[in-house]
Structures are given as structure tokens and as C-alpha cells.
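These numbers were taken from a predicted model, which means no experiment stands behind them.
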Amino acid sequence: MLWIQYPQASVTKVTSPDEKAFLERVVEARKAYIPYEDEFIKAAEDNDLARAKVVLLEKARPAQLLYISSLEKLVDHEVDSTKKAARAS
């Protein structure tokens, strides 16, 4: 629950429209990924390893890669913004 609240709160605290767009992409990618992660965990807990494998490889992993990519793009943007601000000061 804390994680779900944190990104939503963060979206309102960003300082630029670009930052907000990158962070919103992270939040949306996470929303798409988490149900598959939950489904995978449930299948594993139920000892339904065949279903867990399918969920992991066909659903969770592709969504996870998009989530990770959105995080990397946000980090890259923040690094670039910080470097530009440092050069300007």
C-alpha cells in the first residue's frame, strides 16, 4: 500500500512537465506489471509451477521490462537535468 501511494504523491511534487511525464510513465508501467507479479506469486504459492512459469515468461517479464525501461528513462532524464542545472549555475 505504501508503494502505491508513494508514486501518486510524487507525481504532484515534481518540478517540470517533463519530470511529471516521465514519472507518470513509471507509475503506469508499474500498474500494468503488478497484477502479473501478483498472479505469478499466487501460482507459485499454490505450487502450480507450470502456470507460474507461463505467467512469468509470457506476462510478467514483458511488463517488467517495460517498467524497468520507464525507470531507466526517468533516471536518465534526472541525470541530464542535474547536469544542465550544474552547468547553468
Closest non-hydrogen atom pair between [X] and [Y], with its separation:
X: S70; Y: A29; result: OG-CB, 3.6 Å
X: A60; Y: Y36; result: CA-CB, 3.7 Å
X: S89; Y: A86; result: OG-O, 3.0 Å

* Please round to the nearest 0.5 Å and tell me the distance separating atom CD1 of I34 and atom CD1 of I41. =>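 Rounded to the nearest 0.5 Å, the CD1-CD1 separation comes to 8.0 Å.
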
* Starting at NZ of K42, measure out to CD of E37 and round the result to the nearest 0.5 Å. =>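 One finds 15.5 Å between NZ of K42 and CD of E37.
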
* To do: Under the salt bridge (Lys or Arg N to Asp or Glu O under 4.0 Å) rule, collect the residues that match up with D38, sequence neighbours excluded.
  =>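 So D38 forms no salt bridge (Lys or Arg N to Asp or Glu O under 4.0 Å) with any residue.
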
* Which residue pairs pass the salt bridge (charged side-chain N to carboxylate O under 4.0 Å, His left out) test with at least one member in residues 63-89, sequence neighbours excluded? ->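 The answer is none; no pair qualifies.
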
* Asked: Hey, is the main chain of S16 close enough, under 3.5 Å, to the side chain of E19 for a donor-acceptor pair?
  ->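 Side chain of E19 to backbone of S16: a pair is present.
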
* **S69 (side chain) donor-acceptor with L65 (main chain) under 3.5 angstrom** =>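 Checking the backbone N and O of L65 against the side chain of S69, no donor-acceptor pair under 3.5 Å is found.
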
* To do: Could you go through the side-chain contact (heavy atoms from CB on, under 4.5 Å) check for V26 and Y67 one step at a time?
  => CA-CA 6 Å; V26 169; Y67 178 40; 4.0 Å; yes

* Asked: Under 4.5 Å between any side-chain heavy atoms of R61 and Q64, yes or no?
  ->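 Side-chain contact under 4.5 Å: yes.
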
Quiz: residues 48-58 side-chain donor-acceptor pairs under 3.5 angstrom, not counting sequence neighbours:
from, atom 1, to, atom 2, distance (Å)
D48, OD1, R51, N, 3.2
D48, OD2, R51, NH1, 3.4

* Option passing side-chain contact (heavy atoms from CB on, under 4.5 Å) with F22 (candidates V75, L74, L71) ->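 That would be L74; it is the only one of V75, L74, L71 passing the side-chain contact (heavy atoms from CB on, under 4.5 Å) with F22.
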
* Taking only Lys NZ, Arg NE, NH1 and NH2, and the carboxylate oxygens of Asp or Glu, determine whether E28 and K31 approach each other closer than 4.0 Å. =>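 A salt bridge is present here (some side-chain N lies under 4.0 Å from a carboxylate O).
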
